[in-house]
Amino acid sequence: PPLQPVAPPPDPLGRGGRASAWSFAPCFGTWQGLINPVLVSVPTILLKSFGYSNAVIGYATLATLPMALKFLLGPMVDANRTRRWWCVNAGGWLMACVGVLALPLLLTRFTLWIYLAALFLLAIVKSIHQVALNGFFTLALTKSEQALFSGLDPVWGRAATIFSGSMLLALAGGVGAHYGDSRLTWGLYFVSLLLVFTPLYFYTRHVFPYPTADQAPGDAGHSPSLPFWSMLRGYFALPSLGPGLAYLFFMRSGQTMLDKMGVAFLMDAPEAGGYGLSIAEVGVFTGSMTACGIAGGALAGVLLRKYGLRR
């Protein structure tokens with residue numbers, strides 16, 4: 001009898017040739033993990049290496065405020081284009097922002113306001129990218145895949161964070177210390193980061209699928225204006241909102257302060273109460289602590305599964 005054609009595997013999401021989530025899902029956490037240190041720890045280390053005081057560094061962290069207000073950018077992403085369009089294009093914008101961050105290093109004198117303006121722009125683009133990735137995550141993966149990669153996503157993110165915020169930093173810091181030039185350190189760091197971002201961007205552009213549910217709103221790619229302000233008013237009218245926000249603020253403020261100013265403490269001279277670590281030493285130290293955190297989280301998960309939360 002003639003051979004019957006083999007039926008293609010079911011593709012309920014319309015992913016086409018990208019039926020396997022393993023070909024693209026790890027990119028979600030990798031993108032975020034690579035860029036997070038550039039906004040969190042690297043500004044402190046960079047400004048400290050150029051001799052700025054802790055007070056200036058503290059005020060400079062306001063440039064990353066858009067990351068805390070990313071919910072204001074959600075309606076713009078929802079009302080325009082597809083999630084894939086935002087993911088791919090915002091990835092290119094991230095690369096451009098990293099390049100702009102390096103511009104002050106090319107000037108005769110490092111200019112703080114240019115660096116902070118570029119950092120502010122990067123924080124906006126990163127927020128847009130994260131909102132789009134989160135939306136694309138729910139549209140391109142099945143429920144079981146979402147459960148799987150929700151657990152694995154932090155693994156990719158932590159590994160990427162160790163690479164960009166520790167390994168790459170230690171390498172660039174070692175080279176800069178050998179030649180005694182902070183500009184060389186940061187020039188090498190940002191160039192190396194762009195060399196990593198470039199293949200990731202083009203890989204993402206190639207492998208990200210076109211899920212059936214990821215449709216541009218409206219015929220022309222735009223939807224009618226969303227009732228954003230009425231939703232925002234409804235949010236602030238929720239009962240007990242104040243105590244809830246206060247709880248979140250105090251719960252997260254300690255970690256935020258440590259993330260921003262802990263590195264400054266490590267780099268301060270011993271006579272100023274710090275440890276006097278170099279850029280390379282800070283990279284090694286933070287990478288080691290992040291790896292210990294990953295190991296501790298994995299061990300906690302194993303113990304919880306074996307003994308339960310009560311015990």
In chain order, what residues pass the side-chain contact (heavy atoms from CB on, under 4.5 Å) check against [X], with sequence neighbours excluded?
X	answer
Thr185	Ala172, Ile279
Asn54	Lys48, Ile57, Met261, Ala264, Asp268
Leu152	Trp22, Leu148, Phe149, Trp156
Arg84	Thr82, Val88, Phe136, Phe208, Tyr210, Asp214

Transitive ILVMFWY cluster of [X] at side-chain heavy atoms under 4.5 Å: who else is in it?
X	result
Met251	Tyr247, Leu248
Phe249	Phe250
Leu195	Val191

Taking distance alone, no hydrogens or angles, what donor-acceptor pairs closer than 3.5 Å link side-chain atoms of residues 175-184 to residues at least two apart or in another chain?
{"unit_1": "Asp181", "atom_1": "OD1", "unit_2": "Arg183", "atom_2": "N", "d": "3.0"}
{"unit_1": "Arg183", "atom_1": "NH1", "unit_2": "Leu105", "atom_2": "O", "d": "2.6"}
{"unit_1": "Arg183", "atom_1": "NH1", "unit_2": "Leu107", "atom_2": "O", "d": "2.9"}
{"unit_1": "Arg183", "atom_1": "NH2", "unit_2": "Leu107", "atom_2": "O", "d": "3.3"}
{"unit_1": "Arg183", "atom_1": "NH2", "unit_2": "Thr108", "atom_2": "O", "d": "3.1"}

Beyond-backbone contact of Phe110 with Leu46, side-chain heavy atoms, under 4.5 angstrom:
yes

Count the heavy atoms belonging to other residues, nucleotides or ligands that lie under 6.0 Å from CZ of Phe50, then report whether that count exceeds 12.
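More than 12 heavy atoms, drawn from other residues, nucleotides or ligands, come within 6.0 Å of this atom.
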
Within a 6.0 Å radius of atom OH on Tyr203, are there more than 12 heavy atoms belonging to other residues, nucleotides or ligands?
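Correct, the count exceeds 12.
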
Validation: residues 162-170 side-chain donor-acceptor distances under 3.5 Å, sequence neighbours left out:
{"unit_1": "Ser164", "atom_1": "OG", "unit_2": "Leu34", "atom_2": "O", "d": "3.0"}
{"unit_1": "Ser164", "atom_1": "OG", "unit_2": "Ala160", "atom_2": "O", "d": "3.2"}
{"unit_1": "Ser166", "atom_1": "OG", "unit_2": "Thr286", "atom_2": "OG1", "d": "3.1"}
{"unit_1": "Ser166", "atom_1": "OG", "unit_2": "Gly287", "atom_2": "N", "d": "3.0"}

Closest approach of Gly135 to Thr138 (non-hydrogen atoms, all atoms of both residues)
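Here Gly135 and Thr138 meet closest at O-OG1, 2.7 Å.
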
Which residue pairs pass the salt bridge (Lys or Arg N to Asp or Glu O under 4.0 Å) test with at least one member in residues 167-176, sequence neighbours excluded?
none

Do any side-chain atoms of residues 118-131 form donor-acceptor pairs under 3.5 angstrom with protein atoms, and if so which ones, sequence neighbours left out?
{"unit_1": "Lys126", "atom_1": "NZ", "unit_2": "Gln32", "atom_2": "OE1", "d": "3.3"}
{"unit_1": "Lys126", "atom_1": "NZ", "unit_2": "Asn36", "atom_2": "OD1", "d": "3.1"}
{"unit_1": "Lys126", "atom_1": "NZ", "unit_2": "Gln130", "atom_2": "OE1", "d": "2.9"}
{"unit_1": "Ser127", "atom_1": "OG", "unit_2": "Pro66", "atom_2": "O", "d": "3.3"}
{"unit_1": "Ser127", "atom_1": "OG", "unit_2": "Ala123", "atom_2": "O", "d": "2.8"}
{"unit_1": "His129", "atom_1": "NE2", "unit_2": "Cys87", "atom_2": "O", "d": "3.2"}

According to the interplanar angle, ranging from 0 to 90°, do the rings of Tyr189 and Trp186 count as parallel (below 30°), tilted (30 to 60°) or perpendicular (above 60°)?
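Geometry flag for Trp186 against Tyr189: perpendicular rings.
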
Sequence neighbours excluded, which residues qualify as ring-ring contact (aromatic ring centres under 6.0 Å, His included) partners of Tyr201?
none

